[in-house]
Amino acid sequence: MGNERIMVVEDESIVAMGIKYKLEDLGYIVVGIVATGEAAVETALKTKPDLILMDIVLKGDMDGIEAAQKIHQQQDTPIIYLTAYSDDEVLERARITEPYGYILKPFKKSEVNANIQMAIYKHGCDKKKSEIIKKRVLADFYDFILTAMPTSSTGTDIEMRELLLKVFAERLDEDLYPRFVEELSPEDIETNDQLFADYIEWLSDIFKDFGIKTIVHHKGNRSYIEFLNCPWHEDALKKPIFCLNCQAMMNRSYKWTGLSGGMERRSTIVDGSPSCRFQFKHLE
C-alpha cells in the first residue's frame, strides 16, 4: 500500500465519515467526499484520484452508475461500487461500466482494504496492457496513414475521406477478415438475428482489446454501439483522420456478415459529443 488517493461518493454523511475514518486508518489519503453524481464527476476530474468508492444510489438526478460512465468518458479511474442493493437490474447496469469491485453494505474495514488493493493492482496491469496495445496500434496506424495518404492534395475533403475509407477497407480485408471468420464462424449461424447479435458482441470485443469501453443499445431494427472513451483522443483532435479508422472497421466488418442494412456514424467524442455513437440498421 502506497498512500493511494481515494475519493468517496456517499450521500449519507454519517456513513461517508465512517468510510473516511476507515480509509485514513488504513493509510489511504481521502481527496474528497461528495454526495451527488454531479459533484462526483466534477471532483474526480479536478482531483484525479487513484480510485473512487462510489455509492450507486445517490440523491439528485444522477446516480453513481451514470456518474461512473461520465467519469470514464474523460479519464481512466478504477471504481468500486458501494451499495445496499443487489437486485439483478442494478447489477446489470453496474456491470456495463466495468467496475473493479462491488461491495455490499454494511462492510468491514478489511473487506474495503482487500477490494481497494486488488482493484489498484488489476488496474495497473490493465493500464500497462492498454499502453502496450495503444503504442502498437498508434505506430502501425501512423505508418499506415503515411502510406495511405495520396501524394496530391487536390480534391475535396469528401473525396479524400472516401478514398481513405476505401484504402482502410482494403487493409481490413487483409488483416481483420481472417479473425472475423475464425472467431465468429458466420456460416454456422442459422438465423440473421443470431448472426447480428453475435457480430455486435464480436465487434465490442474487438474494440475492448483497444481499451475502448462500449455500450450496446437496441431499438426495433436499429442497434447502437456507443464508445464511452477514446484511447486516442488527443491524437484524434490533432488528426481527425483517426476517427475514420473506427468507422471503416465497422462499415467493412458489417459487410462481411452478408446482412442487409448498413451502419452510419451519429456522433464522435472528438467533435465534442459525450460519446462516439454508431447506428446499425439491420433489415430482414
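Contact detail for Leu195 and Ile189: the closest heavy-atom pair is N-CG2, 3.4 Å. Closest of all the heavy-atom pairs between Tyr81 and Gly64 is CE2-O, 4.0 Å.
By the ring-ring contact (aromatic ring centres under 6.0 Å, His included) test, Phe227 pairs with Phe207, Phe278, sequence neighbours left out. Every residue meeting the salt bridge (Lys or Arg N to Asp or Glu O under 4.0 Å) condition with Glu183, not counting sequence neighbours, appears here in chain and number order: Arg179. The side-chain hydrogen bond (donor to acceptor under 3.5 Å, both in side chains) check on Asp25 picks up Lys109, with sequence neighbours excluded. For Ser13, the side-chain contact (heavy atoms from CB on, under 4.5 Å) test picks out no residue, with sequence neighbours left out. Taking Val57 as the reference, Tyr85 meet the side-chain contact (heavy atoms from CB on, under 4.5 Å) condition, with sequence neighbours excluded. For the salt bridge (Lys or Arg N to Asp or Glu O under 4.0 Å) test, no residue two or more places apart in sequence or in another chain qualifies with Lys59. Contacts of Asn115 classified as side-chain hydrogen bond (donor to acceptor under 3.5 Å, both in side chains), with partners at least two apart in sequence or in another chain: none. For Met118, the side-chain contact (heavy atoms from CB on, under 4.5 Å) test picks out no residue, with sequence neighbours left out. Qualifying salt bridge (Lys or Arg N to Asp or Glu O under 4.0 Å) partners for Lys213, counting only residues two or more places apart in sequence or in other chains: Glu98. Looking at residues two or more places apart in sequence or on another chain, you find no salt bridge (Lys or Arg N to Asp or Glu O under 4.0 Å) involving Asp205.
Shown here is Tyr121, whose OH atom has no more than 12 heavy atoms of other residues, nucleotides or ligands within 6.0 Å. Within 6.0 Å of CG on Asp61 lie no more than 12 heavy atoms contributed by other residues, nucleotides or ligands.
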Note to self: Go through it in stages, so that I can follow the logic: the residues are His123 and Asp50, the test is side-chain hydrogen bond (donor to acceptor under 3.5 Å, both in side chains), and I'd like the CA-CA distance, side-chain angles, deciding distance and then a yes or no.
What the structure shows: CA-CA 10 Å; His123 180 254; Asp50 297 313; over 6 Å; no
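The side-chain hydrogen bond (donor to acceptor under 3.5 Å, both in side chains) pairs that include a residue from residues 30-47 number zero, where partners must be two or more places apart or lie in different chains.
In this structure, Lys105 does not pair ionically with Glu12, as no charged nitrogen and carboxylate oxygen lie closer than 4.0 Å.
Within the 4.5 Å cutoff, the side chain of Asp126 has no heavy atoms near those of the Asp76 side chain. With a 4.5 Å cut-off on side-chain heavy atoms, Ile116 and Leu26 do not count as touching. Taking the side chain as every heavy atom from C-beta outward, Leu104 and Thr83 approach each other to under 4.5 Å. A heavy-atom distance below 4.5 Å is not found between the side chains of Val15 and Asp55.
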Cut-off 3.5 Å, no hydrogens considered: what does the side-chain donor-acceptor table look like for residues 65-72, sequence neighbours left out?
{"from": "His72", "atom 1": "NE2", "to": "Thr77", "atom 2": "O", "distance (Å)": "3.1"}

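A single hydrophobic cluster is not seen to contain both Phe280 and Tyr224; linkage of ILVMFWY side chains at heavy-atom distances under 4.5 Å, directly or through other members, places them apart. No path of Ile, Leu, Val, Met, Phe, Trp and Tyr side chains, each step under 4.5 Å between heavy atoms, connects Ile215 with Ile269, placing them in separate hydrophobic clusters. Transitive grouping of hydrophobic side chains (ILVMFWY, heavy atoms separated by less than 4.5 Å) keeps Tyr100 and Leu82 in distinct clusters.
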